[in-house]
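Read through the structure below, which is laid out as C-alpha cells, and then see the notes.
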Amino acid sequence: MTAHGTRPGAPAQDSDDLDLEEALALVREPRPESAGHAPAPSPESPGERHRATPWHLAREIAARAARTGPRRAPVSVPLGDALGLALAAPLDALTDLPSFDTSAMDGWAVAGPGPWQVRDEGVLAGHTQHEPLTDGEAVRIATGARIPADTTAVLRSEHGRTDAQGRLHAARDLAHGQDIRPRGQECRSGDQLLPVGTLVTPAVLGLAAAAGYDAVTAVPRPRAEVLVLGDELLTEGLPHDGLIRDALGPMLPPWLRALGAEVVAVRRIGDDAKALHRAITGSTADLVVTTGGTAAGPVDHVHPTLERIGAELLVDGVKVRPGHPMLMARTKDDQHLVGLPGNPLAAVSGLLTLAEPLLRTLAAHPAPEPYALPLTDAIQGHPYDTRLIPVVLRGDRAVPLHYNGPAMLRGVAAADALAVVPPGGARQGAEAELLDLPWASGGIGVCFT
C-alpha cells in the first residue's frame, strides 16, 4: 500500500530521539513487590493510566528492544527457502550476464551484407557453440542461443524471406549488432547487484539464480513459540458448560508466520504456573508469545512468573483499546516475551502493537511507510487511549467495520487493515493512520504452511 498521508496522533516527542532506556523511563513504574503480588488497578484508574505506555511509544520500544541483544549471525539459505528474508551480504554477480553473446529473437544469425546462404543446421539454446560464420552466411537461431562467432546481427523471423534459390533476404534495413544481447550487457562478474538489507522477493530469487547463486546469505527468520494459557479452552467441538473454543491457538501461528517468524512450537499450558515457568525458561525461541494471564487475577500467572525469573518488563500495559493489558519483557539477552490478552481482538492488537515491530526488526525488515485514509464514518474514541478498529479499504477511503469488541473476530476477519483512532475519536472524513493486515496486500510475508 502506498503512502496516502501523514501519521496522525504521533507522540509530541519524536521517539526516534530516545534510546531504549530513555523510552522506558517515560513509562516505567515499579510494581508492588510482595509474595502475593498486589491486585492491579482497575482499567479506568489513574494508576493504570500512568503506568501504561502510549501506543506509538510502545511500538518504538518493541522495535528498539530487538536491537539491544546479541547480533544474530547471518545464515546461508537455499534459494527455495529464502523468500521474505533480508540479505545479510551484498548480492554480487558471480558471472557476466549474459555470460556469452545471445540472440534476443528467433530468426537468423547473419554475417556481412545479404543476401545470405543459409546453413542446414540451426542453433538452439543450450547447445554447443557452432562454427564461426563467414560473410554471406546465415544460420537459423533461437532466442537465448549462443551467437556464432563473426555474426553481424540477428535478422528476426518476420523480417526475412527466402527466394527460389534458398537465399535469405532482409525485408528491412539491418543494423550492426541488432537483436544481439552482448556478453555483460546486464552486469559484469563482481558487480554489486543488490545491497545488504534487500528483501528477497521472487524477482530477487530469479536474479540470484541468473547470477549463479544456489543460496544467499540472509538474516535468519526469528523463531517464535506460542504458549496458550487457560483451563477453559476447548480444542474441538461446541462450547459447553463454561468452556469456550480456543481461537488463538489456530490463529496465532499462521499470523506470526505471516509476520515473518518461524513458529517452532505451540504449547497448551492451561492455568498451571509451574508449567508456564518451565515453558518460558526452557524455550530457545527468539520470541515467546503467551495468551491471556496478563492481569492480576488468581490464575493470571504471567507477571509473577516474569518476576520469578528476573525478566525485565519493557512494556506493562499499553494505552490502546482493545488490548491494554498486553506486555513485553526481556527474558534473556537474546529472548523476549510478548504477553497477549486472552480476548481474541485484543490479542490481535497486541500482535500488531508489540510482536510485529519486534519481529520486523529482528528480521532486518524496514518499517512500512505510515499512511492514512479518510474514514467514511465517524468512530467513537476512548477518552485517553488509542483505539484500533477493523476497516475495509474502498478506493481511497476506509470503511469502519462493526463487531470490533475485544472478544470479537467477526470484524477483523473481513478487514483489510486496522484504523488507528486517537483518544477522543475521529470524525467522518478525518484521515486515520492504517495498519495493513499482513495478507491484505498479497505480500510475500504471507505463509500459512
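The analysis underlying the following values was restricted to heavy atoms, covering all of them including side chains, and did not include hydrogens, waters or symmetry mates.
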**Pair Arg330 + Glu312: basic N to acidic O under 4.0 Å** = yes
**Partners passing salt bridge (charged side-chain N to carboxylate O under 4.0 Å, His left out) against Asp179 (at least two apart in sequence or in another chain)** = Arg156
**Request:** Would you indicate whether the side-chain heavy atoms of Thr291 and Leu227 approach each other to under 4.5 Å?
**Result:** no
**Asked** Around atom CZ of Phe100, are there more than 12 heavy atoms of other residues, nucleotides or ligands at under 6.0 Å?
**Response** yes
**Message:** For Pro90, give me all partners under side chain to side chain contact (heavy atoms under 4.5 Å, CB included), at least two apart in sequence or on another chain.
**Reply:** Asp92, Gln192, Val196
**Prompt:** Looking at Thr53, Ile61, Leu327, which one forms a side chain to side chain contact (heavy atoms under 4.5 Å, CB included) with Leu314?
**Reply:** Ile61
**Prompt:** Side chain of Gln335, backbone of Asp286: donor and acceptor closer than 3.5 Å?
**Reply:** no
**Asked** Residues two or more places apart in sequence or in another chain: which of them pass side chain to side chain contact (heavy atoms under 4.5 Å, CB included) with Ala265?
**Response** Glu225, Arg267
**Request:** Keeping to residues at least two apart or across chains, list the side chain to side chain donor-acceptor pair (under 3.5 Å) pairs with something in residues 236-247.
**Result:** Asp246-Arg268
**Message:** I'd like to know whether CZ of Arg308 has more than 12 heavy-atom contacts from other residues, nucleotides or ligands below 6.0 angstrom.
**Reply:** no
**Those residues that, when tested against Pro357, pass side chain to side chain contact (heavy atoms under 4.5 Å, CB included) (two or more places apart)** = Arg59, Ala62, Ala63, Arg360
**Request:** May I ask you to decide if Arg188's main-chain N or O and Asp191's side chain share a donor-acceptor pair within less than 3.5 Å?
**Result:** yes
**Message:** Whether the Ser189 and Asp96 side chains hold a donor-acceptor pair (N or O, under 3.5 Å, no angle test) is what I'd like checked.
**Reply:** no
**Side-chain heavy atoms of Leu373 within contact of Arg397, under 4.5 Å** = no
**Prompt:** How would you list, by chain and number, every residue that makes a salt bridge (charged side-chain N to carboxylate O under 4.0 Å, His left out) with Arg146, sequence neighbours excluded?
**Reply:** none
